[in-house]
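Below is one structure, written out as structure tokens, with a few remarks after it.
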Number of protein chains: 2
Amino acid sequence: MSAGRITIRDVATAAGVSRQTVSNALIHPERLKGPTLERVQAVIQELGYRPSSAAQSLRSQRTGAVGFELLAYGESNRNEVAYPFTVALGEMAIGHGCHLVTFSSAGAQSLTEGYADMVRAQVVDAFVIADTHPGDPRPDWLHQAGVPYAAFGRVWGRPDITSWADVDGAAGLADVTEHLLAAGYERIGYLGWPRGSSVGDDRRSGWEHTLLAYGRAPGPEAACEQDLRAATTAAYGLLDEVGRGGAIACASDLLAVGVERAARDRGWRPGTDIGITGVDDSGMAGMFDLTTLAQPLTAIADYLLGLVHKRLEGGPAPESGALFRPTLVPRASSRPGH
Amino acid sequence: MSAGRITIRDVATAAGVSRQTVSNALIHPERLKGPTLERVQAVIQELGYRPSSAAQSLRSQRTGAVGFELLAYGESNRNEVAYPFTVALGEMAIGHGCHLVTFSSAGAQSLTEGYADMVRAQVVDAFVIADTHPGDPRPDWLHQAGVPYAAFGRVWGRPDITSWADVDGAAGLADVTEHLLAAGYERIGYLGWPRGSSVGDDRRSGWEHTLLAYGRAPGPEAACEQDLRAATTAAYGLLDEVGRGGAIACASDLLAVGVERAARDRGWRPGTDIGITGVDDSGMAGMFDLTTLAQPLTAIADYLLGLVHKRLEGGPAPESGALFRPTLVPRASSRPGH
DNA sequence: TGTGGCAATCTGATCGTTCAAATGGAGCCC
DNA sequence: GGGCTCCATTTGAACGATCAGATTGCCACA
């Protein structure tokens, strides 16, 4: 009837009941008698009524929104995971009845200023944070401020903080290594990052332990920065060591592209003459037809939103962080037949 | 004083003034007498008061949020632009005093259902949409529903809709072509997509017109899908035609990587023996050291948010869509000296 | 001393929803 | 039939902010 948006009053008037009855029809349908419920629901449907989330937020002191900081990396390998993860969060948010508010801290004075602002202005109830790293001030701050949050990536140096989920890189590289063994590649080398990076060391251990478990001496390995030129250079040496018929498992898709380049320079066909695998299932892996590991981003997003949801309900923190196993994406670069 | 959050009442009590005076201190400071203003501001500062955006939204019937749909591409070349654009929107949103609510329509019944939902639930005031394409139902729906919005990408087939900004691909490729001419490359070929794609045709025209303007016959050209293998194959033929000392401008970074591969197979060094350029400044371009065009994403995000802001204030639609010129990012692949 | 005018500040009402408590009516038993 | 319980539904109040209009205090001027 009224010119503006349809409110609960409009529905109540149209259905000949009170505001509260309409509210109950949506939240506590069991409180209404059959005929009344049906009538109210019909009017809601007909008018296309949706409760105003602004009014609900004011009343309940909950916004139903989760904040997520988008980091401006520039580095492609990070974008490749960050974007699909953001999409996954958006998709899973629907199932958790919340929205995703993305923001950027670029230009802020401190790394936590953006977070503090959104909490004080009551824009979000909780946060999901990504790319935690040793010395990251955000977990500490959020913890101290009593703001519920969950992290994609282990929270380093704080074993008491368990609201995180991460990819089980070791398990992933174990799968990759077994896959390469099963495919019949002779020697299986590894191209990783310099020691000391926790993510890198984790992945490397999956390769090493699997070879040992199969009674193989851990084959040749090399390390270089996340850079195409460096990877290509490092790959030349590794190719010599594993030889034709061998394989090289890499810590990332980018490194795998470097190996692919070096192999082609040498006239070796990926898959046939040399097995190559990467990690992340980034766009590059698809383009270059590289076997890789797909991160379980949807499952992680779902888990993290579930965590913050539970914390908002006053539930306890989980006993420990959660690891999710990536899934192998076999492509031509590890198919000896072809 | 109170246990929960700090409200305007707490500030008012602490400063010995009324709620309204506190409100005015923030919105209409000129209405307060000097000493009062200072006192109130000091208390606001001290208590860390921020108005509850939930309450403001309810009162003003404005949420101060802009919705942005994250499309789940899978295709890497799209992610490469989509993520930085999302980040740019988040960064610019601060300056426009609004938040960014990102969502996904995956799993929705219709493409506009997610939009309708957020409008009816009063979660956002307006939208920014990306990846408009001929036949896109979203502009029509938003237009009809009277929801303010602005599009990144031309709104095809609706010259009456002018709330859009796009990258001037023709101007960009004109810059690229001039750059290659100035660098002294002999023949300048073009590797693009099959005719009929509006974005592709636009880029191609920049190359063609520039060559004509410089009195050159438009050199050899080829077309292929956005696929590395196809690009590499197409590149072999083009390399023959432009010859050593020539250059190939590509419609995308991916195609440029294909050309780079073909050139290396042939033993030609990118930059020195053959000029190669791409478009988008994706992560790949950086990795492969390819000259490319950086999209003015920050400027576009700022412009689009400005547009929806104006529309919300009741301002008129712009006279026409806006084109933003990309900027050339010169790298080793177009540097004949090195 | 009284009054008009102006500037600075305060009070009442409202946005749309939901919780808690009140109301009304039907049914039952003594 | 009075009083009781029980259930479905309604009313009043509150969440926190802001607009419109009322009020106060101060000064000038008659």
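Each chain gets a letter, A, B and so on, in the order the sequences are listed, and its residues count up from 1.
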Examine D:dT10: is either OP1 or OP2 under 4.0 Å from a nitrogen or oxygen in the side chain of A:Thr21? Give yes or no. yes
For DNA chain D, determine which residues of residues 113-126 of chain B have any heavy atom closer than 4.0 angstrom to one of its atoms, and list them numerically. none
Can you list the residues that meet the side-chain contact (heavy atoms from CB on, under 4.5 Å) rule with B:Ala42, with sequence neighbours excluded? none
Check for a donor-acceptor pair, side chain of B:Asp168 on one end and backbone N or O of B:Leu323 on the other, with a separation under 3.5 Å. no
Taking distance alone, no hydrogens or angles, what donor-acceptor pairs closer than 3.5 Å link side-chain atoms of residues 14-25 of chain A to residues at least two apart or in another chain?
residue, atom, partner, partner atom, Å
A:Ser18, OG, A:Thr21, OG1, 3.2
A:Gln20, NE2, A:Asn24, OD1, 3.3
A:Asn24, ND2, A:Gln20, O, 3.4

Donor-acceptor contacts under 3.5 Å from residues 111-123 of chain B side chains, at least two apart:
residue, atom, partner, partner atom, Å
B:Thr112, OG1, B:Ser110, OG, 3.4
B:Glu113, OE1, B:Gln109, N, 2.6
B:Tyr115, OH, B:Glu69, OE1, 2.6
B:Tyr115, OH, B:Arg138, NH1, 3.1
B:Asp117, OD1, A:Arg50, NH1, 3.2
B:Asp117, OD2, A:Arg50, NH1, 3.0
B:Gln122, OE1, A:Ser52, OG, 2.8

Distance under 4.0 Å to a non-hydrogen atom of chain B counts as contact; along DNA chain C, which nucleotides mark the start and end? C:dA8 to C:dG16
Less than 6.0 angstrom separating the ring centers of B:Phe68 and B:Phe85, yes or no? yes
Output one letter per nucleotide in nucleotides 18-28 of chain D: B when a protein non-hydrogen atom lies under 4.0 Å from the base, S when only the sugar-phosphate is that close, - when neither is. BB---------
Which atom pairs, one a donor and one an acceptor, fall under 3.5 Å between side chains of residues 294-313 of chain B and the rest of the protein, sequence neighbours left out?
residue, atom, partner, partner atom, Å
B:Gln295, NE2, B:Asp280, OD1, 2.5
B:Asp302, OD1, B:His96, NE2, 2.8
B:Arg311, NH1, B:Ser163, OG, 3.4

Which residues share a side-chain contact (heavy atoms from CB on, under 4.5 Å) with B:Glu46, sequence neighbours left out: none
Axis-to-axis angle between the two ends of the helix from C:dT1-D:dA30 to C:dC30-D:dG1 (five base pairs per end, rounded to 10 degrees): 80°
Set of residues satisfying side-chain contact (heavy atoms from CB on, under 4.5 Å) with respect to A:Ser57, sequence neighbours excluded: A:Thr63, B:Ala54
Would you mind classifying the nucleic acid contact of A:Thr36 as base, sugar-phosphate or nothing, using non-hydrogen atoms under 4.0 angstrom? sugar-phosphate
Determine all donor-acceptor pairs shorter than 3.5 Å in which one atom belongs to a side chain in residues 149-160 of chain B; sequence neighbours excluded.
residue, atom, partner, partner atom, Å
B:Arg154, NE, B:Asp166, OD2, 2.9
B:Arg154, NH2, B:Val167, O, 3.2
B:Arg154, NH2, B:Asp202, OD2, 3.3
B:Trp156, NE1, B:Arg154, O, 3.4
B:Arg158, NE, B:Asp160, OD1, 3.0
B:Arg158, NH1, B:Asp140, OD1, 2.2
B:Arg158, NH2, B:Asp160, OD2, 3.0

For DNA chain D, which residues in residues 38-48 of chain A have a heavy atom at a distance below 4.0 Å? none
